[in-house]
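For reference, the structure discussed in these notes is given below.
One is the number of the first residue; the rest follow in order along the sequence. Indexing begins at 1, ligand by ligand and atom by atom, following the structure's order.
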Amino acid sequence: MDLLQRPRRLRSTKALRELVAETRISPSQLMYPAFVRAGITAPEPISALPGQYQHTLDSIRALARELVEAGVGGIDLFGVPLPEQKDAIGSNAWAEAGILNQGISAIREEVGDALVICADTCLDEFTSHGHCGVVRDDGTVDNDATLPLYAKMALSQAQAGAHMVSPSGMMDGQVRYIRQALDVAGFSDVAIMAYSAKYASAFFGPFRGAVGSTLKGNRRTYQQDPANRKEGLREALLDISEGADIVMVKPASHYLDVVADVAATVQVPVAAYQVSGEYAMLEAAAAKGWIDRERAIQESLISIARAGADVILTYWALEVAKRSGVER
Ligand code: PBG
């Protein structure tokens, strides 16, 4: 057999495979999405996200320390206020005493700069109607009336100690508006990770339970249509022109084409968010014994990185970091 090219040669031992692996996952590129909830005295398990919790201010501190010890790159924090703290404009979102800002301060005090502390900058957890912005009398979401509220929220998060804010509401102009507000207030070093290509996805389902969402209806007038690929790149480029430091594609696994397009085009870091539904599906199949849980987790993350994501937001961040170096 006269065969010069034998790709199998480089697959023959584990050491060889690892030597030539094109993609590796490092804990420092992972961000852990976490929830801090008002009015609870012990961490509350999230039923649709087995292994994930709504945290108290104390347990979120302990979690942050654990993340640092495991070498995880960052935390992306979401707040769950009391039901009676919600109102039509989501004003608890920018209250200094609001649960999200309290959570940010607690984490910053606990770990300082050892972890990138990122805050979700969106009103949906704080509005009585559950939409990401101000709702007009006719039920539509008012883009321009929402922007000043995002700016207030981002500013309060910077004041609480966030290194990075993360607008996820998909209002046009949100990055520019927030950048300007931060700069005017002297927070020019606070970075913006923009949820740029965020699709109206069924895979957000478990998250809505995790934050006690009150949403009725859907977000299809502001989040993107899953059918649209070019539009994902357009959104990312727009956000960069508005001052985004990192652009994100979300969800991750079903949108790897968009991740790849964005990664091939932009000159800023690209993040991808492996969302609650991606986590829940795999956990459920593993619980049934239908899938090798750890291999499937690793493969899912490798695939997202292979598509071009530099930063990966995943509910498995802590677990994977603790296990890093494990066989693929
Ligand atoms: C909105 C927001 C959502 C998620 C992150 N930020 C939900 C939504 O848009 O309905 C989903 C995250 C996940 O599913 O893991 N602020």
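Within the 3.5 Å criterion, the main-chain N or O of Asn101 finds no donor-acceptor partner in the side chain of Glu96. With hydrogens and angles disregarded, a donor-acceptor distance shorter than 3.5 Å links the side chain of Gln174 to the backbone of Met170. In terms of modelled atom types and a separation under 3.5 Å, the side chain of Gln54 and the main chain of Ala210 share a donor-acceptor contact. With Asp120 contributing its side chain and Phe78 its backbone, the two residues share no donor-acceptor pair below 3.5 Å. Looking only at distances, no side-chain donor or acceptor of Tyr32 sits under 3.5 Å from a matching main-chain atom of Gly73.
Closer than 4.0 angstrom to ligand 1 by heavy atom are Phe78, Asp120, Cys122, Asp124, Glu125, Ser168, Lys198, Phe203, Phe204, Phe207, Arg208, Arg219, Gln223, Lys250, Tyr273, Val275, Ser276, Tyr315, sorted by chain and number.
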Using side-chain contact (heavy atoms from CB on, under 4.5 Å), reason through Lys250 and Val275 one step at a time and then give a plain yes or no. CA-CA 7 Å; Lys250 175 185 181 178; Val275 300; 3.6 Å; yes
